[in-house]
Structures are given as C-alpha cells and as structure tokens.
Amino acid sequence: MQKGKINVQTENIFPIIKKFLYSEHEIFLRELISNAVDATQKLKTLASIGKFTGELGDLTIEVKVNPKRKTISVKDKGIGMNAEEIEKYINQIAFSSAEEFISQFKTKSEAEMNAIIGHFGLGFYSSFMVSDKVEIHTKTYKTEGDTKPVLWECDGSPDYTMDESKKKDRGTEIILHIADDSKDYLEEYKILEILKKYCKFLPVPIRFGSEKTWEKVPGEKDEKGNDKEIEVEKPRIINNTDPLWKKKPVDLKDEDYKSFYRELYPYTFEEPLFQIHLNVDYPFNLTGILYFPKVKKTMEVQKNKIQLYSNQVFVTDSVEGIVPEFLTLLHGVLDSPDIPLNVSRSYLQSDPNVKKISNHITKKVGDKLESLFKENRADFEAKWDDIKVFIEYGIISEPDFYDRSKKFCLFKNTEGKYFTFEEYENKIKDIQKDKNGNLIYLYTSNTEEQFSFIDAVKDRGYDVLLLDGIIDTHFVNTLEQKFEKSRFTRIDSNTVDKLIEKEDVLPSKLTEDQQKSLKELMEKQIDKEKFTILFESLSEKEAPLLITQDEFMRRMKDMSALGGGYSFMGTMPEKYNLVVNSNHPKIGRMLIEPDGGKQAETVKQLFDLAMLAQNLLKGKDLAEFIKRNIENI
C-alpha cells in the first residue's frame with residue numbers, strides 16, 4: 001500500500017470546495033458520469049485508429065445505489081488508469097488546480113470565481129460535496145507496462161492511500177460513501193430524477209437499475225382475442241444516445257421533429273408550428289433544434305423551455321441573458337462544446353463564445369422566418385396570430401432584429417387582411433395624413449367593444465388595424481420610434497375629426513354662454529373627478545355625447561399593467577373625456593326645453609348611451625338604464 005499527502009497547503013480545502021464549487025450539489029452525478037462518458041469515448045477513438053485492438057464489448061455505464069452501505073457507484077468500461085496516471089491526474093494536476101483555485105477565490109468577485117471554476121474544471125471534486133470518503137477502482141486498457149489495477153481512497157483530507165485493486169475488468173468505478181447530510185441521494189427516485197435531468201442525451205448508454213414493462217407475445221391471444229402481453233423486467237437505460245439534433249436535417253422528416261418534440265416535452269399536447277435545425281462548425285461549434293410554439297395572445301412565457309447542452313451534457317434550462325430575451329419564447333435544445341460546463345449563468349452571459357452563438361441564433365431565426373414568408377405567404381399569414389407575439393417581442397427587445405423582421409412582420413386590419421409595413425403605408429398614406437403631414441395609424445384593441453368607433457372611422461374612408469395582443473401597446477411605442485412622421489392612435493382616444501386633424505373645422509352652433517350653461521347642467525349628473533367635459537364642433541351625424549380616453553395616458557397605464565417601467569401609472573385613477581357634440585340637434589333642443597327635470601333626464605340618457613358605447617356602463621347603473629328604457633317603450 002502506498003500512502004501519501006496531496007501537495008496542498010490549505011488543510012480545509014474540501015469544506016471550501018463543498019461551499020463554493022457548485023450552487024447545486026446534485027451536479028456531482030453529472031460530473032462523474034461526464035468523466036465516465038469521456039473515458040468511454042476515448043477508448044472508442046483509440047479503437048477506431050487501431051491503438052486499441054481488444055474487444056470493446058458492452059460499454060454501458062452503470063450507476064448503482066446501495067442504501068444499506070450508504071454508497072453510490074458510477075462504473076464505466078473506458079480507458080481506465082494505472083498508478084502513474086492516478087498520480088498524475090488525481091494527485092497532481094487536479095489537486096494543484098484546486099489549490100490554485102483556493103488561493104484565488106478569496107479575492108475574487110462571484111463572476112470571477114465562477115470563471116476560475118470553469119477554467120480548472122474541478123468536476124472530480126464535486127464528489128466530496130456529498131461524500132465522507134471516495135474510492136477509485138480502476139484498471140487501464142493498456143496491455144504493456146504497468147497494467148496493475150489500482151485502488152485510490154481519500155476521506156476529504158489531504159491524505160490518500162493507493163493500493164493494488166482486485167478489479168478484473170477494464171475501466172473505472174468510483175464509489176462514494178455518502179455523508180449523513182446528503183443521505184437524500186441514497187433514494188432511488190432522487191438519483192433517477194437527476195439522471196433524467198442531466199444525462200438523458202449522453203452518447204454512451206447509462207443504466208440505472210431495472211424497470212418493468214409489458215410486451216406482446218408473438219402469435220398469442222388472450223381469451224378476448226386481443227394480443228397477449230406479459231410483464232418483463234429490463235435494464236433501465238436512462239438516455240437516448242443519438243438525439244435528433246446530431247443527425248443531418250436532410251435525413252429527417254417533419255414527423256421526426258414532432259416526435260422529438262414530444263420526447264422533450266411529454267406533457268405538452270400542442271404541436272409546434274415549425275422548427276429550425278442548427279448545424280454550425282465554424283467559427284464555433286453549434287448544433288440544436290429550436291421549435292416555434294403557439295404563443296398566441298397571452299404572454300404565458302415559459303422561459304425554461306430551451307435546454308442548453310455541452311457535448312450532450314445538460315448545462316441549464318435557464319437561458320435568460322444567454323440568448324436574446326425574445327428567443328426565450330422558443331422551445332428546443334442547443335448543444336455546443338464551446339459552452340463551458342462548470343460556470344454560473346452570470347459568467348455564461350459574458351462569455352464571448354456564448355455571445356457569438358446568441359447572435360448567430362438570432363440571424364438564423366430571422367432567416368427562417370423570412371424564407372417562410374417568401375416561400376408561402378398564405379401559410380405564413382395563417383400562422384401569424386400564433387407567431388405574432390414572438391416577432392413583436394423581438395422587435396421591442398432587440399434593435400437589430402427590427403431590420404430583419406420589417407420585411408416579414410405583418411399588420412392585420414379589421415377586415416382580416418394582412419400587410420407588410422411598406423404595403424400598409426402605401427395603402428393609407430393618401431388619406432390618413434393630418435394637417436401637419438403626420439401619417440396616422442388608426443387601430444382598435446377590441447372589435448366588439450369598439451365597434452361604434454370603428455364604424456364612424458370607416459365612414460370617413462379610413463382603415464383600422466387590429467392590435468389586440470398583450471404587448472401591442474409596447475409594440476406601437478417601438479414602431480413610432482422607427483417610422484418617420486407617424487403616430488398610432490386608438491380609435492376611441494378622440495373624436496373622429498380629432499383622430500386625424502385636417503385643415504377644415506366645422507363652426508359650433510352653441511355660443512360660449514350656452515356651452516357654459518350646458519356644462520354646469522352636466523356636471524351635476526357625472527363624476528367630475530373621472531370625466532372632463534369638452535365641447536367639439538362635430539358633424540350632426542356624430543353621436544351627441546362621446547366618451548374618449550387620452551391615448552398617452554391609456555397607453556402608459558397599459559404598459560404599467562405589463563411591467564413596462566411605468567408602475568406609478570397603475571395606481572392612478574381612470575380619467576376620461578366626455579365630448580359634447582355642439583352641433584348635434586339633441587344638444588341644441590335640450591337647451592330650449594323647459595326644465596322640470598326633463599333636461600337632467602336627457603343628459604342622463606345621453607351619458608348612459610355614451611358609457612354603453614365604451615362598455616363602461618355596468619352593475620347598478622346598467623340595471624337602472626335597462627329598467628328606464630323598458631318603461632319608456
């Protein structure tokens with residue numbers, strides 16, 4: 001037996017590693033299995049170039065839990081190690097890296113510390129986060145020189161022992177003696193959960209225990225004439241070693257992509273709209289499949305739907321800041337060996353390779369959407385309501401994405417017709433410019449509730465866009481900054497004549513005294529804190545009273561509701577304008593009617609009608625309005 005002391009000065013190296021190396025202790029299993037996969041892949045490479053001529057045999061990696069002995073073991077049939085290699089890779093290189101890590105972490109910020117972790121790759125030490133003692137049983141693949149099997153043991157102190165092992169077969173088995181504070185990891189369900197999370201697409205089969213399944217018995221039927229099935233016990237293989245993203249797109253069909261989507265998200269029942277298959281080998285390595293889900297109008301954004309891998313090893317499903325914000329709406333997988341494994345998300349966000357990958361993905365998404373639009377516009381329009389939120393979100397959050405997407409981003413009007421930005425500008429530019437030369441984009445957010453306003457606007461020959469998405473308020477704000485001399489105005493924000501102000505102004509049929517008298521009468525019938533009375537010289541065909549809401553104030557409140565940085569607006573009371581059409585015959589007649597309550601009744605009726613048109617008449621007021629009108633029939 002050989003005893004030794006690891007050449008480190010820090011006596012408490014393992015408690016420090018346990019505290020600082022990883023934020024989630026479950027990572028230990030990913031690290032040990034990744035090492036096992038690496039050893040196995042190296043053996044396959046040596047065999048392929050003729051440097052290993054023995055039988056490869058079954059290369060399945062085995063994970064076992066023994067609750068009685070309080071151990072977890074990870075066993076591979078890879079290249080293994082001899083005593084010299086143990087001394088080099090375990091006692092010298094790894095521990096000296098750990099020592100350097102310890103010497104540097106005390107003076108570093110969290111981001112810098114994570115960079116150090118990623119640089120040294122201290123995966124082996126993750127085993128000490130959950131163990132009191134670690135054993136390595138290993139036998140090299142080599143047939144010449146020192147080929148004796150080795151047993152290496154360490155209890156988390158700088159002391160270790162090395163002896164000859166009884167191991168007969170090639171490869172390495174690491175046995176962890178689990179500490180009392182980590183005994184949760186001795187539960188089978190816990191290990192299975194971790195394996196499925198981190199290892200489900202590793203390139204070498206991983207076995208963890210057995211599982212029972214039902215299989216058909218060929219040529220046999222039960223008493224009811226159905227195929228006979230029997231229960232069989234099979235090795236439980238955790239992973240799909242050949243995931244779809246590693247295959248060539250030309251070899252795949254649409255059904256293959258849909259099937260893989262169901263494998264990724266077994267509890268998602270809606271199929272994706274389409275996908276992008278990424279396959280890049282220069283200037284960085286990147287493969288993956290990104291799916292476009294149906295986002296619709298709601299922002300039920302699940303930002304943990306893109307899974308990030310490094311050489312098929314799961315890294316994270318929290319990709320905010322790693323990919324642009326709007327891409328977090330996508331589903332799928334990204335795999336790149338250029339993504340460092342053992343680092344925090346904050347470090348990943350600043351990694352130059354990650355930034356290049358992020359920019360490339362954005363470009364590929366733009367390319368895909370543009371090609372879909374050009375190749376089959378009718379199909380693109382049919383999908384528009386499902387992908388609209390995604391594209392609008394990209395325009396809002398990524399300035400560079402606007403330049404690409406303006407070619408295929410669509411407006412939809414109330415007649416259900418679709419237009420590119422350029423097409424729509426050409427449609428309305430001759431009629432919808434105001435007296436100052438500004439192009440006014442009129443829109444509705446609800447065709448049912450704002451029907452009377454749509455009707456009035458269309459009578460003037462104007463066109464109305466349908467912008468009913470939850471982020472459309474932010475979207476029009478962004479477009480107003482992009483479009484020259486343009487403004488978006490919701491159709492109920494003002495009277496028809498004021499929506500697009502022209503040079504011609506109708507004279508008022510009411511004198512200032514009459515307006516003052518009428519205003520005093522109306523203020524007795526309405527909530528003066530909520531409504532501001534305005535007199536406008538409108539056409540006689542317009543309603544006698546209209547309720548509008550200032551575009552700016554309403555927009556700020558809408559953005560506040562979605563978290564757009566105007567939170568103070570959310571606490572402000574609703575304010576409306578009560579617009580009196582001074583040219584409407586009923587307004588004029590009301591002033592010459594004898595009082596006795598008749599004027600007040602007329603004001604109340606006209607006001608309730610205006611409220612009804614804006615869907616503001618509710619509860620008790622609506623009930624009284626209905627009762628009053630039934631009595632007047």
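Counting only distance, with no hydrogens or angles, the side chain of N376 and the backbone of L372 share no donor-acceptor pair below 3.5 Å. Side chain of K502 to main chain of K433: a donor-acceptor pair is present (N/O by atom type, distance under 3.5 Å, no hydrogens or angles). With hydrogens and angles ignored, the 3.5 Å screen pairs no side-chain donor or acceptor of D386 with any backbone N or O of P293. Here the side chain of D335 pairs no donor or acceptor atom with the backbone of T287 at under 3.5 angstrom. At least one donor-acceptor pair closer than 3.5 Å links the side chain of N583 to the backbone N or O of K509. Of the possible polar contacts, none joining the Q525 side chain to the K604 backbone as a donor-acceptor pair under 3.5 Å is found. Put simply, the side chain of D434 gets close to the backbone of N436: a donor and an acceptor are under 3.5 Å apart. When atom types are taken as modelled, the side chain of Q514 and the backbone of T511 share a donor-acceptor pair closer than 3.5 angstrom. Between the side chain of N629 and the backbone N or O of F625 there is at least one donor-acceptor pair closer than 3.5 Å. The main-chain N or O of D513 is never found under 3.5 Å from a side-chain atom of S517 such that the two would form a donor-acceptor pair.
With respect to the salt-bridge test (charged N to carboxylate O, under 4.0 angstrom), the residues D468 and K412 do not qualify. For K197 and D317, the salt-bridge test fails: no basic side-chain N is under 4.0 Å from an acidic carboxylate O. Ion pair R377/E423 flagged as a salt bridge, since at least one NZ, NE, NH1 or NH2 atom sits closer than 4.0 Å to an Asp/Glu carboxylate oxygen. At a threshold of 4.0 Å, the pair R554-E574 does not count as salt-bridged, since none of the basic side-chain nitrogens sits closer than that to a carboxylate oxygen. Contact check on E255 versus R262 returns a salt bridge, with a Lys/Arg side-chain nitrogen under 4.0 Å from an Asp/Glu carboxylate oxygen.
Counting all heavy atoms, side chain and backbone alike, P249 lies closest to N279 at CD-ND2, 4.5 Å. Across every non-hydrogen atom of N413 and V464, the tightest pair is CB-O, 3.2 Å. Nearest heavy-atom pair across I395 and C409 is CD1-SG, 3.8 Å. Listed here is the closest heavy atom pair of I431 and G461: CD1-O, 3.6 Å. Looking at every heavy atom in both residues, P544 comes nearest to L606 through CG-CD2, 3.6 Å. R404 and E370 get closest at one heavy-atom pair: NH2-OE1, 3.2 Å.
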Applying side-chain contact (heavy atoms from CB on, under 4.5 Å) to I306 and L330, what does each step give before you reach the verdict?
CA-CA 7 Å; I306 294 180; L330 297 180; 4.1 Å; yes
Steps toward side-chain contact (heavy atoms from CB on, under 4.5 Å) verdict (T362, D400):
CA-CA 9 Å; T362 303; D400 292 342; over 6 Å; no
Begin from the C-alpha positions of L290 and L334 and carry the test side-chain contact (heavy atoms from CB on, under 4.5 Å) through to its verdict.
CA-CA 8 Å; L290 291 177; L334 297 172; 4.0 Å; yes
Could you walk me through whether F373 and K407 pass side-chain contact (heavy atoms from CB on, under 4.5 Å), step by step?
CA-CA 9 Å; F373 175 72; K407 302 170 187 175; 6.0 Å; no
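Proximity of the aromatic rings of F607 and F531 is defined here by a centroid distance below 6.0 angstrom, and this criterion is met. For F419 and Y424, the ring centers sit closer than 6.0 Å to each other. Separation of the Y257 and Y261 ring centroids does not fall under the 6.0 Å cut-off.
Ring pair F421/F411 is tilted by interplanar angle, where 30° to 60° counts as tilted. Aromatic ring orientation, W245 versus Y309: tilted (interplanar angle from 30° to 60°). Under the 30°/60° scheme for interplanar angles, the aromatic rings of F390 and F292 are found to stand perpendicular. Taking the six-membered ring where tryptophan is involved, the planes of Y291 and F260 are tilted, since the angle between them lies from 30° to 60°.
N477 has its side chain within reach of M556: a pair of non-hydrogen atoms, C-beta onward, lies under 4.5 Å apart. The closest side-chain heavy-atom distance from I289 to L264 is not below 4.5 Å. Using a 4.5 Å heavy-atom cutoff, the side chains of E536 and D497 are not in contact. In this structure, the side chains of V319 and T328 come closer than 4.5 Å at one or more pairs of heavy atoms. Between Q307 and K200 there is a side-chain heavy-atom pair separated by less than 4.5 Å. Side chains of Y576 and Q614 form no contact here, defined as non-hydrogen atoms less than 4.5 Å apart. Annotation: side chain of T495 is not in contact with side chain of L534 (no heavy-atom distance under 4.5 Å). Residues E480 and Y441 form no side-chain contact, since every pair of their non-hydrogen atoms from C-beta on lies 4.5 Å or further apart.
Side chains of E551 and N494: a donor-acceptor N/O pair is absent below 3.5 angstrom, by distance only. Between the side chains of N615 and E449, a donor-acceptor pair is found at a separation under 3.5 Å. Judged by distance alone, the side chains of Q605 and R628 do bring a donor and an acceptor atom under 3.5 Å apart.
Interatomic distance, T478 OG1 to H474 NE2, rounded to the nearest 0.5 Å: 8.5 Å. Put simply, CG on L467 and CG on L479 are 8.5 Å apart, with the number rounded to the nearest 0.5 Å. One distance of note links OG1 of T532 with NZ of K519; it measures 8.5 Å at 0.5 Å rounding. With rounding to the nearest 0.5 angstrom, the OG atom of S445 is 12.0 Å from the CD1 atom of I470. Rounded to the nearest 0.5 Å, atoms CG (N438) and CD (E484) are 11.5 Å apart. Remark: L538 CG to S508 OG distance equals 9.5 Å, nearest 0.5 Å.
Surrounding NZ of K364 are at most 12 heavy atoms belonging to other residues, nucleotides or ligands under 6.0 Å away. Atom NZ of K253 has 12 or fewer heavy atoms from other residues, nucleotides or ligands within 6.0 Å. Heavy atoms from other residues, nucleotides or ligands lying under 6.0 Å from NZ of K482 number more than 12. By the neighbour-count criterion of 12 heavy atoms within 6.0 Å, atom NZ of K575 is densely surrounded, having more than that number from other residues, nucleotides or ligands. Other residues, nucleotides and ligands contribute more than 12 heavy atoms inside 6.0 Å of the NZ atom of K246.
For the side-chain contact (heavy atoms from CB on, under 4.5 Å) with L442, the lone residue among I454, T414, V457, D463 that qualifies is V457.
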